[in-house]
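What follows is a single structure, written as structure tokens, with notes after it.
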Amino acid sequence: MEDYEDVAYATGGLMEDPEDYYPPTPPPTRQVFEMQSGKQVTLHLVGRSPTEAHHLWNGAKLVSDYLERVPSRVRGRSVLELGAGAGLPSLVAGILGAEKVVASDFPDPDLVANMQKNIDECDETVEPRGHIGRTIDAVGFVWGADPEPLLARLAPPDGAARIGAGQDADADADKGSSPTSTPREQRVRQRFDVLVLADLLFRHSEHGALVKTIRETMRRSRESAAYVFFTSYRSWKRDLDMKFFDVARDAGLEVEQVSERKLEKPLFEGDPGDLDVQKTVKGFELRWRPQDCTEP
């Protein structure tokens with residue numbers, strides 16, 4: 001696994017190669033993921049990306065399995081995936097009957113176009129035709145930025161915002177005032193029921209930005225959850241990966257481990273480090289504390 005940990009996710013320099021590194025760009029690749037139901041999902045991957053979007057991560061596969069085992073986790077609900085890459089969990093959520101899904105990744109045109117390509121091809125294989133295309137949006141987003149472009153995707157078709165109990169407090173606590181929206185628009189903006197983060201924790205400098213986005217986009221209900229699945233591919237940095245959950249707890253979120261599975265082989269064979277750690281995918285669930293919930 002290449003080490004992009006020190007690349008600033010929020011800066012324009014993210015998409016640039018180091019000065020002494022100019023290899024030819026590998027061609028895009030294609031993989032097929034088979035759901036437990038037997039449904040096959042075709043995924044196109046970009047040829048190379050400093051955001052590591054050219055891999056189909058084990059965390060994405062295992063969180064997709066986790067959602068499929070209990071489809072009610074996403075069925076009829078709104079879902080936001082951060083750092084989606086190819087968007088596998090987003091596609092699976094759409095197939096399982098999510099009401100709305102937003103697959104987001106760094107706002108590079110090639111990455112967003114590739115997510116949209118996967119959405120369009122999946123739409124051709126799911127009945128009724130057009131359902132996946134209407135349900136899933138591909139959106140460019142930088143972690144920690146103003147979440148308005150994500151939340152705007154939840155507006156009802158007629159454009160009228162639905163009012164949720166306690167959303168005044170949410171806007172005041174997490175978002176603050178915006179020069180481009182009125183106080184009333186802030187108060188009625190919806191949030192997502194479910195968030196998905198698959199194999200993002202290796203970017204240690206971005207833990208705070210990820211938690212900020214979770215707080216600003218997850219509906220304040222005990223029924224809402226953020227599913228965080230990951231492997232410590234660099235086993236010697238496992239403790240740094242796990243510090244994400246300290247940041248989440250400090251921000252007032254409850255953390256519970258809900259899954260752990262050891263695979264037959266690691267994603268990156270031949271990498272240095274503890275092989276057992278590199279083969280293990282862990283899943284955690286983040287929720288609001290009861291005292292912080294403003295909705296059922």
Item to check | R222: side chain to side chain donor-acceptor pair (under 3.5 Å) partners, not counting sequence neighbours | outcome: E254

Checklist entry - Would you find a donor on one side and an acceptor on the other, under 3.5 Å apart, between the side chain of Q36 and the backbone of E68? => result no

Item to check | Those residues that, when tested against D193, pass side chain to side chain donor-acceptor pair (under 3.5 Å) (two or more places apart) | outcome: S78, R219

Checklist entry - Residues sharing V70's hydrophobic cluster, by side-chain heavy-atom contacts under 4.5 Å among ILVMFWY, directly or via others? => result none

Item to check | Reported NZ-to-CZ distance for the pair K61 and R261, which is rounded to 0.5 angstrom | outcome: 10.0 Å

Checklist entry - Taking all atoms of both residues into account, what is the closest heavy-atom pair of A198 and V63, and its distance? => result CB-CG1, 4.4 Å

Checklist entry - With hydrophobic residues grouped by side-chain heavy-atom distances under 4.5 Å, do V41 and V46 end up in a single group? => result no

Checklist entry - What pairs with K100 under side chain to side chain donor-acceptor pair (under 3.5 Å), at least two apart in sequence or on another chain? => result D137

Checklist entry - How would you list, by chain and number, every residue that makes a side-chain contact (heavy atoms from CB on, under 4.5 Å) with V247, sequence neighbours excluded? => result H207, V211

Checklist entry - What about V112 and L43, same hydrophobic cluster or not, with Ile/Leu/Val/Met/Phe/Trp/Tyr joined at side-chain heavy-atom distances under 4.5 Å? => result no

Item to check | Student check: side-chain heavy atoms of Y233 and N58 closer than 4.5 Å | outcome: yes

Next on the checklist: Looking at S259 and G283, would you say the former's side chain and the latter's main chain have a donor-acceptor pair under 3.5 Å?
Outcome noted: no

Next on the checklist: Distance check, rounded to the nearest 0.5 Å: E99 atom CD versus T135 atom OG1?
Outcome noted: 9.0 Å

Checklist entry - Which is it for Q31 and L45 under the side chain to side chain contact (heavy atoms under 4.5 Å, CB included) test, yes or no, and what are the steps along the way? => result CA-CA 8 Å; Q31 293 191 37; L45 303 169; 3.5 Å; yes

Checklist outcome for this item: Heavy-atom closest pair (R153 atom, P149 atom, distance to 0.1 Å) is CG-O, 3.5 Å

Item to check | Which residues share a side chain to side chain donor-acceptor pair (under 3.5 Å) with T125, sequence neighbours left out | outcome: K39

Next on the checklist: I need the minimum non-hydrogen distance between T213 and G144, along with the two atoms involved.
Outcome noted: OG1-N, 2.8 Å

Checklist entry - Is any side-chain heavy atom of W57 closer than 4.5 Å to a side-chain heavy atom of T231? => result no

Checklist entry - NE2/H54 to CG/L111 distance, rounded to the nearest 0.5 angstrom? => result 11.0 Å

Next on the checklist: A side-chain contact here means heavy atoms from C-beta on lying under 4.5 Å apart; do L253 and W288 qualify?
Outcome noted: yes

Next on the checklist: If you count heavy atoms of other groups shown closer than 6.0 angstrom to CD of E264, is the number above 12?
Outcome noted: no

Checklist entry - Should W143 and F230 be regarded as members of a common hydrophobic cluster, given that ILVMFWY residues are connected when their side-chain heavy atoms come within less than 4.5 Å of each other, either directly or indirectly? => result yes

Next on the checklist: For the backbone of R234 and the side chain of S232, can you confirm whether one donor and one acceptor N or O come within less than 3.5 Å of each other?
Outcome noted: no

Next on the checklist: How long is the straight-line distance from OG of S90 back to CG of L82, given to the nearest 0.5 Å?
Outcome noted: 9.5 Å

Item to check | Flag side-chain contact, heavy atom, 4.5 Å: Q278 against D271 | outcome: yes

Next on the checklist: With a 4.0 Å cut-off on N to O distance, would you call D241 and R238 a salt bridge?
Outcome noted: no

All N/O donor-acceptor pairs, side-chain side in residues 115-123, below 3.5 Å, sequence neighbours left out:
from: Q116; atom 1: NE2; to: D120; atom 2: OD1; distance (Å): 2.9
from: N118; atom 1: OD1; to: H44; atom 2: N; distance (Å): 2.7
from: N118; atom 1: ND2; to: H44; atom 2: O; distance (Å): 3.1
from: N118; atom 1: ND2; to: A86; atom 2: O; distance (Å): 3.0
from: E121; atom 1: OE1; to: H44; atom 2: NE2; distance (Å): 3.0
from: E121; atom 1: OE2; to: H44; atom 2: NE2; distance (Å): 3.0
from: D123; atom 1: OD1; to: G130; atom 2: N; distance (Å): 3.0
from: D123; atom 1: OD1; to: H131; atom 2: N; distance (Å): 3.4
from: D123; atom 1: OD1; to: I132; atom 2: N; distance (Å): 3.1
from: D123; atom 1: OD1; to: G133; atom 2: N; distance (Å): 3.2
from: D123; atom 1: OD2; to: G130; atom 2: N; distance (Å): 3.4

Item to check | In one Ile/Leu/Val/Met/Phe/Trp/Tyr side-chain cluster, 4.5 Å: V74, F33 | outcome: yes

Next on the checklist: I'd like to check the side-chain contact (heavy atoms from CB on, under 4.5 Å) partners of E127; sequence neighbours left out, ordered by chain and number.
Outcome noted: R129

Next on the checklist: Do F141 and V101 land in one hydrophobic cluster if side-chain heavy atoms of ILVMFWY residues count as linked below 4.5 Å?
Outcome noted: no

Checklist entry - Below 4.5 Å, heavy atoms only, C-beta onward: do L96 and M35 meet side chain to side chain? => result yes

Next on the checklist: Once side-chain contact (heavy atoms from CB on, under 4.5 Å) is applied, do any residues pair with D110, and if so which ones, sequence neighbours excluded?
Outcome noted: D108

Next on the checklist: Taking side-chain contact (heavy atoms from CB on, under 4.5 Å) as the definition, give me every residue that meets it alongside T280, ordered by chain and number, with sequence neighbours left out.
Outcome noted: E260, K262, K282

Checklist entry - Which residue pairs satisfy the salt bridge (charged side-chain N to carboxylate O under 4.0 Å, His left out) criterion with at least one member in residues 70-83, sequence neighbours excluded? => result none

Checklist entry - How about R287: does its CZ atom have over 12 heavy atoms from other parts shown lying under 6.0 Å from it? => result yes

Next on the checklist: Between R191 and M218, does the side chain to side chain contact (heavy atoms under 4.5 Å, CB included) criterion hold? Intermediate values first, please.
Outcome noted: CA-CA 5 Å; R191 293 184 175 201; M218 186 166 72; 5.8 Å; no

Item to check | Considering all heavy atoms, the nearest V255-A248 contact | outcome: CG2-CB, 4.2 Å

Item to check | Stepwise ring pair (Phe, Tyr, Trp, His ring centres under 6.0 Å) check, W236 with F202 | outcome: CA-CA 11 Å; W236 61 95; F202 68 91; over 10 Å; no

Item to check | Pairs satisfying ring-ring contact (aromatic ring centres under 6.0 Å, His included), at least one member in residues 62-91, at least two apart | outcome: Y66-Y227, Y66-F229

Checklist entry - Can you find a heavy atom in the side chain of L210 that is under 4.5 Å from one in the side chain of F244? => result yes

Item to check | V102, L80, V79 screened by side chain to side chain contact (heavy atoms under 4.5 Å, CB included) with L195, the one that passes | outcome: L80

Checklist entry - Considering all heavy atoms of both residues, which atom of P89 and which atom of A60 are nearest to each other, and what is their separation? => result CG-O, 3.7 Å

Checklist entry - Measuring from D292:CG to R215:CZ, what's the distance to the nearest 0.5 Å? => result 7.0 Å

Item to check | 4.5 Å side-chain heavy-atom contact, V142 and P107 | outcome: yes

Checklist entry - Which pair of non-hydrogen atoms, one from P266 and one from L275, has the smallest distance, and what is that distance? => result CG-CD1, 3.6 Å

Next on the checklist: Once rounded to the nearest 0.5 Å, what's the spacing between atom OG1 of T217 and atom CD of Q190?
Outcome noted: 13.0 Å

Checklist entry - Do the two ring centres, one from H55 and one from F268, sit under 6.0 Å apart? => result yes

